[in-house]
Amino acid sequence: MRALAVHEDVIVVVSGVWQTTCTAVRCGDEGFLIDSPVLPDELDALPSLFEQAGFPVSGLLATHGDWDHLLGLLAFPSASLGVGESTAARLNSELGQAQRRLREFDAEWYIADRKPLGLGSFQGLPVPGRLSIGSQGGSGGEGGVGEIEVYPADGHTRDGVAYWIPWASVLVCGDYLSPVEIPMISVGSGGSLEAYRETLMRFAPLVGRAELVVPGHGAPLKRAQAQAILAEDVAYLDALRAGEMTLPEGRHSAAQKRIHAANLKAA
Ligand SMILES: [Zn+2]
């Protein structure tokens with residue numbers, strides 16, 4: 001696991017598995033954690049890591065309902081979890097699925113002693129919308145009060161949101177714009193090529209203003225890198241629609257070819 005201080009109010013943690021990212025953002029006396037690392041020891045390390053860095057964790061957020069992004073409650077069991085309303089609807093319609101997938105992953109990789117994941121309550125956030133964070137004396141926004149903007153981000157799955165942190169110019173976008181993974185259209189979870197492409201188009205102006213883009217998988221990207229990946233991913237989707245086998249430069253390993261083969265069935 002790598003922890004990167006990318007802004008005075010933003011730390012990004014990158015998991016050793018799938019490079020799944022977890023972003024801590026603070027403002028005043030409040031802080032949120034967006035998504036999660038995957039491995040038990042990584043999750044166990046989070047409370048002291050953020051405490052030492054002076055990042056309060058007053059709530060958890062997730063970009064979408066895939067299990068590997070939902071594990072923050074294992075590190076902060078008493079925190080509340082906020083998700084986009086589309087993710088709340090998905091989680092309600094797939095009760096127990098995240099827990100089942102987590103157990104399958106742990107069985108596959110011989111991971112023992114995982115605490116049970118309780119996803120009993122979560123709050124659906126209106127999308128598009130704004131989340132206020134902080135009260136007095138912080139550095140973000142006026143008087144230590146900031147607002148995180150929430151945008152729809154569907155296509156990878158039927159659900160999903162991206163979070164824009166205005167005072168840091170950071171976009172936390174979920175499973176899009178990854179430097180390590182081609183666009184993945186999870187048909188079983190309601191993903192679609194058209195929706196994916198529309199989400200990329202919606203991101204374009206935000207990426208154009210971003211100092212940094214945090215993808216769901218892979219290290220944070222500077223604006224120009226994110227713009228290059230956005231263009232590559234639009235080109236990939238257009239080729240996919242035409243049934244072509246062209247994978248973006250640097251993303252054509254056996255694992256990416258498997259994702260591509262699944263995408264071809266979806267297109
Ligand atoms: Zn993911």
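Owing to the predicted nature of the structure, the values given are computational and were not obtained by experimental measurement. Note that ligands are numbered from 1 as they come in the structure, with each ligand's atoms numbered from 1 the same way.
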Inset, instruction - Answer yes or no for His217: is there an N/O/S atom below the 2.8 Å cut-off from the Zn ion (ligand 1)? - result: yes

Inset, instruction - Of all N, O or S atoms in Asp175, identify the one at the shortest distance from the Zn ion (ligand 1). - result: OD2

Legend entry - Step-by-step salt bridge (Lys or Arg N to Asp or Glu O under 4.0 Å) determination, Glu194 to Arg241: CA-CA 9 Å; Glu194 293 311 321; Arg241 192 169 18 199; 2.6 Å; yes

Inset, instruction - Examine Asp66 and say whether one of its N/O/S atoms is closer to the Zn ion (ligand 1) than 2.8 Å. - result: no

Legend entry - CD/Glu51: more than 12 non-hydrogen atoms of other groups inside 6.0 Å: no

Inset, instruction - With the Zn ion (ligand 1) as the reference point, give the N/O/S atom of His69 that is nearest. - result: NE2

Inset, instruction - Please check if atom CZ in Arg101 has more than 12 non-hydrogen atoms from other residues, nucleotides or ligands closer than 6.0 Å. - result: no

Legend entry - Cation-pi check, Arg209 onto Trp164 ring (under 6.0 Å, within 45° of axis): yes

Inset, instruction - Give a yes or no on whether His64 keeps an N, O or S atom under 2.8 Å from the Zn ion (ligand 1). - result: no

Legend entry - Tyr176 with Leu212, same ILVMFWY side-chain cluster at under 4.5 Å: no

